[in-house]
Amino acid sequence: MEVIILNTPQEVEELGGKLLTEQIRKKRDSVLGLATGATMHGVYKYLAAQELDFSAVKSFNLDEYYGLGANHPCSYHTYMRQHLFDRVNIQPENTYVPDGLAQDVERHCLDYEQAIEQAGGIDLQLLGLGEDGHIGFNEPSSSLSAGMRIKTLTPMTRRTNQRDFPPGETMPMHVLTLGIGNILAARRCVLLANGAKKAPAVQAMVEGPITAMCPASALQQHRSTTVIIDEAAAAFLQLADYFRCVYEHKPEWQRGK
Ligand code: GLP
């Protein structure tokens, strides 16, 4: 696991955007695994501002609220259209987001996984981090080899994400999410986290034991994961100085790899 500590959230989001840009420049038909959440706003803003050709890119989002249709203002479909898909020349038929209204959930999950496989697997999986250590919507106690499925959100995540819903509207309790097994199958993972609230989860993910109590800790077993965090999110890392030193002395040719 490579850990990059930067001064500000803006720098974190910009480096995330740069890594995605390089991925698309290197392979114009890249298969991207995409995430939502506030941390990704700056990443997509950066991406949309580049002269990038998305015409051959395919994307698969990690998760969606179960019960919300694609046009619901708080759905991740809407989020993705607003922040990225409507701003670049990606083909709508190449963008996949789990269907929050799927009737046959098991069938839908299998079809979604199959579509990823048919696309050749995910080249770069972008990830945010929940305050409870979730990635996608794999909450604590999730199987570390699970595939895509329906999950129940923890009260903590429901409280945190309630901010994305207008007052009076209760957010869904269930979600569809790719599993940790799907995430670990991506060729590269890039996880971004900012702010003091994420510091305990960052510490558990990077330096704690691999445990279902912190699903993101499974990334310790992934062969190519880059974690990019700001100083506030790095506050509890014992090895913070070592990570800074490694990044500072990273050979020029290795940067962005
Ligand atoms: C949601 C998403 C996650 C994301 C997390 C962090 O729970 N399902 O994929 O990583 O939010 O969000 P934020 O960046 O807003 O802190």
Side-chain angles (χ1 to χ4, degrees), residues 6 8-17 20 32-47 59-68 72 74-80 82-84 96-100 112 122 124-142 146 148-165 171-180 182-184 186 189-202 204-206 214-219 225-230 232-234:
L6 301 173
T8 65
Q10 289 74 14
E11 286 173 69
V12 168
E13 290 155 23
E14 202 175 296
L15 182 56
L20 279 163
L32 305 179
L34 298 180
T36 51
T39 316
M40 301 303 151
H41 291 171
V43 176
Y44 296 140
K45 195 168 168 203
Y46 179 92
L47 261 191
S59 72
F60 291 87
N61 264 77
L62 278 168
D63 45 20
E64 178 60 286
Y65 291 108
Y66 190 62
L68 301 195
H72 189 287
C74 304
S75 73
Y76 286 161
H77 280 83
T78 301
Y79 174 107
M80 289 310 300
Q82 284 175 347
H83 290 279
L84 187 67
Y96 296 77
V97 181
D99 177 6
Y112 199 87
I122 289 173
L124 191 157
Q125 176 67 60
L126 187 60
L127 296 165
L129 179 67
E131 288 171 34
D132 61 1
H134 73 229
I135 45 178
F137 266 135
N138 294 279
E139 297 283 36
S141 83
S142 286
M148 187 175 175
R149 68 219 181 290
I150 190 162
K151 289 287 292 175
T152 307
L153 295 175
T154 59
M156 183 185 186
T157 300
R158 293 187 76 219
R159 270 198 305 278
T160 309
N161 288 15
Q162 183 71 53
R163 59 163 190 220
D164 299 331
F165 288 75
M171 60 171 300
M173 183 171 266
H174 295 105
V175 290
L176 300 182
T177 184
L178 286 178
I180 301 290
N182 305 115
I183 293 169
L184 293 179
C189 291
V190 174
L191 182 143
L192 311 182
N194 285 322
K197 283 190 178 161
K198 301 285 173 78
V202 166
M205 164 180 72
V206 176
C214 175
S217 66
L219 292 168
T225 287
T226 302
V227 170
I228 312 173
I229 51 179
D230 71 346

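What's counted below: heavy atoms across the whole structure, side chains too, no hydrogens, waters or symmetry copies. Everything quoted here is computed from the prediction, not taken from an experiment. In each ligand, atom 1 is the first atom listed, and ligand 1 is the first ligand listed.
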Checklist entry - Who's touching ligand 1 if we go heavy atoms under 4.0 Å? => result Thr36, Gly37, Ala38, Thr39, Asp63, Tyr76, Gly128, Leu129, His134, Gly136, Phe137, Asn161, Arg163, Lys198
Checklist entry - Excluding sequence neighbours, so at least two apart, what forms side-chain hydrogen bond (donor to acceptor under 3.5 Å, both in side chains) with Ser59? => result none
Item to check | Glu14: partners by side-chain contact (heavy atoms from CB on, under 4.5 Å), with sequence neighbours left out | outcome: Lys18, Tyr46
Next on the checklist: Below 30° counts as parallel, above 60° as perpendicular, anything between as tilted: where do the rings of His72 and Phe165 land?
Outcome noted: tilted
Checklist entry - Is the Tyr76 ring parallel, tilted or perpendicular to the Tyr79 ring (thresholds 30°, 60°)? => result perpendicular
Checklist entry - How would you list, by chain and number, every residue that makes a ring-ring contact (aromatic ring centres under 6.0 Å, His included) with Tyr96, sequence neighbours excluded? => result Phe60
Item to check | Euclidean distance, Glu13 CD relative to His41 NE2, rounded to 0.5 Å | outcome: 9.0 Å
